[in-house]
Protein chains: 2
Amino acid sequence: MTVRVSCNDCSLSQICLPLAVEPEQLDELDRMIRRGRPLKRGEHLYRAADSFEAVYAVRSGALKTYSMSEEGDEQVTGFYLPGEIVGMDGIGTAHHVSSAKALETSTVCEIPFTQLEALSTKIPTLQRHFFSLMSREIQEDRMLHMLLSKKSADDRVASLILSIGARHQRRGLSNTQFRLPMSRYDIANYLGLAVETVSRIFTRLQQQELISVDGREIQILDRPGLCGDSRKTCTS
Amino acid sequence: MTVRVSCNDCSLSQICLPLAVEPEQLDELDRMIRRGRPLKRGEHLYRAADSFEAVYAVRSGALKTYSMSEEGDEQVTGFYLPGEIVGMDGIGTAHHVSSAKALETSTVCEIPFTQLEALSTKIPTLQRHFFSLMSREIQEDRMLHMLLSKKSADDRVASLILSIGARHQRRGLSNTQFRLPMSRYDIANYLGLAVETVSRIFTRLQQQELISVDGREIQILDRPGLCGDSRKTCTS
DNA sequence: CGAGGCTTTGAAACAGTTCAAAACTCGTGG
DNA sequence: CCACGAGTTTTGAACTGTTTCAAAGCCTCG
């Protein structure tokens, strides 16, 4: 039982795949997309070693991707918010190398990759857009590389908060006040820190009056301060 | 004055782009490639903010890519050996976001991206191969993410040594004995460590008789030991 | 052969971790 | 509707891997 929503009606079409497709060709893209039932918090969208069939656009909610090392510890590799594409790391190996799990009730649009590939050869702007998406994912990984390798724990947390804010803004929401969809554990894991450290930093950033924290509810009080802290280009 | 070498004669064709192209179509790929004069150690292939025109296949030598933070410190984001493709991070932004610099005398094949894109719509296996390459770059970034966020300094260095070895093997060279093309500074920077730490670790790994080190000359003496150290899947 | 860059080594300092424990949330079932 | 309990978050104190500072030795290439 697939839900009947079309890209035309979707509020995310301006930041999602459709933006690369002319209106007259949108139907073709639209028809290949499968919109399944919502994922409940904790449910998997796919698991490592599943065969790679599709990429997914997040429609609502939030997901995390993670992989497992041989010793069995988890590494959170990314967070995905509405309008973002998840699952591109599987293209090269024909099976997923990471798992994707819902952080809260979420809906996604499934885009079968073989069909997307075929359509891409017909619509150059779509091919280009997809190259761009992957390239930008690489760029972001490089920025994360710098974050992990050069920045202090405070900078890392500040940077994540700013990033979530900026991604909210892309959807027309406040970049100043929002709810973090992930736990302190996930944040710590993603940023290569201990949970205790992350918790202490939230408290500290609040004491410095850079943000106000209430559980997962965040409000940015002093953006320049927070940016300066993380020395990150302060878009938004 | 472009050098006259064709993909047909190139010993790297089995790990480089040509592997995705049928022999009868190889000429078309071949014709779009420009082979320039060698880069001397320290010369740039491109710099951050240069407009993005092409990706490059390394033919000989070795390069590093790096980006600069606002404060002006360098982050080495990758090392590129013969047969590998460098420059894909620029696709999404129309200009390069990092710089690429020769670590030693190197030659590269320049592949104009617009032409590659056009050819990709005609040769689906080429399109697929390019998606795969980018996807694998993302995968590797994710493994690096885990390395930086969860592993000890010793594990990181061991892992890099094993990676360089494996990449030598792909070209039919020894995966046990080789020369590192990069300085201790570059290794430290890439792995998020201090130079002194890296130097100490090389000494320590040698004391443990896992490797033998003579400057940049490396020999792996106890692969399982080195793998076990870095807990990395020990291919090769 | 000399100079600047690399590499190594030692000792002190520190950022972040680990261990331990208490306090809070929130969904669930009685 | 309230109480229970598992998972999450916070806080404190001791510990440790890595960095920083300092200095000497070593290539290598002009």
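Quantities reported herein were computed from a predicted structural model and do not represent experimental measurements. Proteins get letters first, then strands, A, B, ... in listed order; numbering begins at 1 in each.
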Heavy-atom contacts, protein to nucleotides 10-23 of chain C, under 4.0 Å, summarised as B (base), S (sugar-phosphate only) or - (none) per nt, yield BB----SBBB----
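- Between E137(A) and R142(A) there is no salt bridge, since no side-chain N of the basic residue sits under 4.0 Å from a carboxylate O of the acidic one.
- For the salt bridge (charged side-chain N to carboxylate O under 4.0 Å, His left out) condition, the pairs that include at least one residue of residues 204-220 of chain A, sequence neighbours left out, are D154(A)-R204(A), R179(A)-E217(A).
- dT18(D) atom C1' lies 16 Å from atom CG of L148(A), rounded to whole Å.
- The distance from atom CG of L103(A) to atom C1' of dG7(D) is 15 Å, rounded to the nearest whole Å.
- Shown here are the salt bridge (Lys or Arg N to Asp or Glu O under 4.0 Å) partners of R184(A), two or more places apart in sequence or in another chain: there are none.
- When base pairs are accepted only as Watson-Crick or G-U wobble with both N-N or N-O distances under 3.5 Å, DNA chain D takes part in stems of 3 or more pairs at C:1-30 with D:1-30.
- Atom OH of Y185(A) is separated from atom P of dT9(D) by 8 Å (rounded to the nearest Å).
- A donor-acceptor pair under 3.5 Å is absent between the side-chain atoms of T65(A) and the main chain of A100(A), judged by distance alone.
- Residues satisfying the side-chain contact (heavy atoms from CB on, under 4.5 Å) test with S149(B), not counting sequence neighbours, are Q75(A), L148(A), H145(B).
- Between K40(A) and E104(A) there is no salt bridge, since none of the side-chain N atoms of the basic residue sits less than 4.0 Å from a carboxylate O of the acidic one.
- Nucleotide dC26(C) holds its P atom 12 Å from the CZ atom of R184(A), rounded to whole Å.
- For the pair E71(B) and K150(A), the salt-bridge criterion is not met [side-chain N within less than 4.0 Å of a carboxylate O].
- Put simply, CZ on F202(A) is 8 Å from P on dT10(D), counting in whole angstrom units.
- Remark: Q177(A) engages S174(A), Q219(A) in a side-chain contact (heavy atoms from CB on, under 4.5 Å) (not counting sequence neighbours).
- The CD atom of Q207(A) sits 8 Å away from the P atom of dT11(D) (whole-angstrom rounding).
- Proximity of R216(B) to the phosphate of dC6(C): no side-chain N or O atom is located under 4.0 Å from OP1 or OP2.
- E217(B) has its CD atom 14 Å from the P atom of dC27(D), to the nearest Å.
- Rounded to whole Å, the distance from CZ on R41(A) to P on dT28(C) is 10 Å.
- More than 12 non-hydrogen atoms from other residues, nucleotides or ligands lie less than 6.0 angstrom from CD of E43(B).
- Contact annotation: S199(B) side-chain N/O to dT7(C) OP1/OP2 distance is not under 4.0 Å.
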